Amino acid sequence: MPDPARNTLAIVGAGPIGLEAAIAGLDLGFDVHVFERGEVGSHPLAWGHVRMFTPWRMNLGPRSLEHLRRAGWVAPDPEAFPSGLEYAEGYLHPLARLPGLSGRVHTHAQVVHLGRRGTLKGDWIGDPRRREFPFRLLVRDPGGRESFLHACSLIDASGVYGQPNWAGDGGIPARGELYLAPQLGYHPDDVLGLKRERYAGRRTLVIGGGASGATTVTNLAALAEQAPGTAVAWATRETADTLCLPVADDPLPGRRALYERARALARGTHAAVVHIGGMRVEGFEFNSATHRYRVTLLIGEQPRVEEVDEVLVNTGFGPDDSLYRELQVHECYATRAPMKLAAALLAGGGADCLATPAFGVETLSNPEPDFYIVGHKSYGRSSNFLLETGFKQVDEVLGKLAKDQRVGAGV
Ligand SMILES: Cc1cc2nc3c(=O)[nH]c(=O)nc-3n(C[C@H](O)[C@H](O)[C@H](O)COP(=O)(O)OP(=O)(O)OC[C@H]3O[C@@H](n4cnc5c(N)ncnc54)[C@H](O)[C@@H]3O)c2cc1C
């Protein structure tokens, strides 16, 4: 089999960062192919009912915007806040349809494994000569048919939304959780819209004190005002005093309002919402006669049992590192992000996402040459990622790849 050309670039994931990388790659003379497991923008589509905290002007990749404008696309009001659905349909879909990307974005093409042809993970340790062996992607279509594709550069922009964290204490599944997981919810459900019937007039346990949990609980509280009998038990590791703490001089009004509302609900201002702070989740049971769950929580060593009709686990997301198990990637043992970037982020002491810079291409590099993890996945389990940071990462990574591969403008 002949070697692929030096300018071949494979990208995993057609989210906003994968597509910005594709456009930047085209600009620099790469032969780009994007492999996407679902639809273009399938993650923002999945949280389509959630309104973004950042306005349009912060959510558009500079290179993508330039290409779209040239094609006659009219940008939305830069100060408006799109929902996930508006973002995917109004921006990502037209972007993927641009003539330059035609035939280069392969949807329903899941990348199952990544390696290098003709060498193993343990060979040529941290040696740039690994780039003599092209990347090898095992790609599967919805019918289960598998093919191999090869490229000299590889970008993983596959996000984290597909891998929700478990509810149980210590980050591992609670008793019964593995078995019941298929019938529990692990994403911020559209409780006021598409999934309304499931939650109206019923008691739901929401687990998790981050932005997703807060969004779900505030929406369920709104539903309780329309549908009598709707009730929420909100279980968080944080206490009511430490939950959704305000960001000093928060410039994002949507986030400020959500956190204020969530803190008020946790303090008991709504009759339909009970907050259970400082808890760990111990076990789930499902009674098939009553169709209700019994969930055992621990507060200190004291068990507390909640009986509910539905359970929504909103405990965050993490990267799928099984994809690059055969590549030489140095992962952070705390966040599972690429080590150097993780260290830079941890040194920042969990600063607010708006205050977090892109730390430069060096922090994104791996022992594996020409392989980069960008976008939300580059933050591992940290939820602090912002699109603006991802667009900067793309710029830096593509510039470096073009230089290292002697491609186009970077030569
Ligand atoms: C509810 C929510 C609200 C958010 N709001 C904001 C906001 O207001 N502002 C902001 O800046 N950020 C926000 N974020 C954070 C972040 O910007 C988004 O998660 C964004 O979608 C990340 O873009 P991405 O391109 O890195 O990954 P994603 O958008 O997650 O895209 C990854 C893509 O890779 C695909 N994929 C996954 N695995 C494979 C595989 N094995 N093979 C092929 N394809 C694969 C997925 O199907 C997906 O389409 C929000 C996140 C969430 C969850």
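Predicted model only: the values in this text are computed from it and were never measured. Both counts, for ligands and for their atoms, begin at 1 and track the order of listing.
A donor and an acceptor atom, one from each side chain of S382 and N384, are nowhere located under 3.5 Å apart. For the residue pair R196 and Q226, a side-chain donor N or O sits within less than 3.5 Å of a side-chain acceptor on the partner.
At under 3.5 Å, a nitrogen or oxygen of H376, whether backbone or side chain, sits near a nitrogen or oxygen of ligand 1. Of the N or O atoms in V111, one or more lie within a sub-3.5 Å distance of an N or O in ligand 1. Considering backbone and side-chain N/O atoms, R37 comes within less than 3.5 Å of an N/O atom of ligand 1. An N or O contact shorter than 3.5 Å is missing between K377 and ligand 1 by distance. An N or O contact shorter than 3.5 Å is missing between E388 and ligand 1 by distance.
Heavy-atom contacts of S42 reach the following atoms of ligand 1: 46 (C), 47 (O), 48 (C), 49 (O) (cutoff under 4.0 Å). Atom numbering of ligand 1 starts at 1 in the shown order; those under 4.0 Å from a heavy atom of L386 are 10 (C), 11 (O). Below 4.0 Å from some heavy atom of G375 lie the following atoms of ligand 1, by number and element: 26 (O).
Checked against the 6.0 Å centroid criterion, the rings of Y161 and H376 do not qualify as a close aromatic pair. In this structure, the ring of Y324 has its center less than 6.0 angstrom from the ring center of F371. For H113 and F148, the ring centers sit 6.0 Å or farther from each other.
Nearest to atom 11 (O) of ligand 1 among the protein's heavy atoms is L387 N, 2.8 Å. In terms of protein heavy-atom proximity, atom 6 (C) of ligand 1 is closest to M52 CE, 3.9 Å. For atom 27 (O) of ligand 1, the closest heavy atom belonging to the protein is G159 CA, 3.7 Å. Protein heavy atom at the shortest distance from atom 37 (C) of ligand 1 is S158 O, 3.2 Å. Among all non-hydrogen protein atoms, the one lying nearest atom 28 (P) of ligand 1 is H43 ND1, 3.6 Å. From the protein, the heavy atom lying nearest to atom 8 (O) of ligand 1 is F53 N, 2.8 Å. For atom 35 (C) of ligand 1, the closest non-hydrogen atom of the protein is E36 OE1, 3.2 Å. Among protein heavy atoms, the minimum distance from atom 5 (N) of ligand 1 is reached at W47 CH2, 4.0 Å.
Ligand 1 lies out of reach of P188, whose nearest heavy atom is not under 4.0 Å from it. Residue contact check for ligand 1: A109 places a non-hydrogen atom closer than 4.0 Å to it. Residue-ligand proximity: P16 is placed with a non-hydrogen atom under 4.0 Å from ligand 1.
Checking each of Q110, H108, E146 against R140 for a side chain to side chain donor-acceptor pair (under 3.5 Å) leaves exactly one that passes, namely E146. When each of H67, R69, R63 is paired with L65, the side chain to side chain contact (heavy atoms under 4.5 Å, CB included) condition holds for R69 and for no other.
Salt-bridge annotation for R203 and E310: absent, with no side-chain N of the basic residue lying under 4.0 Å from a carboxylate O of the acidic one. Taking the charged nitrogens against the carboxylate oxygens, K400 and D404 do have a contact shorter than 4.0 Å, which makes a salt bridge. Using a 4.0 Å cut-off between charged nitrogen and carboxylate oxygen, R255 and D250 count as a salt-bridge pair. Remark: R304 engages E306 in a salt bridge, criterion side-chain N to carboxylate O under 4.0 Å.
Within a 6.0 Å sphere centred on CZ of R280, heavy atoms belonging to other residues, nucleotides or ligands number more than 12. The local environment of CZ in R202 is crowded, with over 12 non-hydrogen atoms from other residues, nucleotides or ligands closer than 6.0 Å. Other residues, nucleotides and ligands contribute over 12 non-hydrogen atoms within 6.0 Å of the CZ atom of R198.
When non-hydrogen atoms are compared, ligand 1 lies under 4.0 Å from the backbone of F35 (N, CA, C, O) but not from its side chain. When heavy-atom distances to ligand 1 are checked against a 4.0 Å cut-off, D320 has no atom that comes that close, whether in backbone or side chain. Contact annotation for A211 and ligand 1: no heavy atom of the residue comes within less than 4.0 Å of the ligand.
Taking each of L114, I17, T54 in turn, the one with a heavy atom nearest to atom 10 (C) of ligand 1 proves to be T54. Of the listed options P55, G390, A157, A157 places a heavy atom closest to atom 32 (C) of ligand 1.
Counting only heavy atoms, the protein never gets under 4.0 Å from atom 14 (N) of ligand 1.
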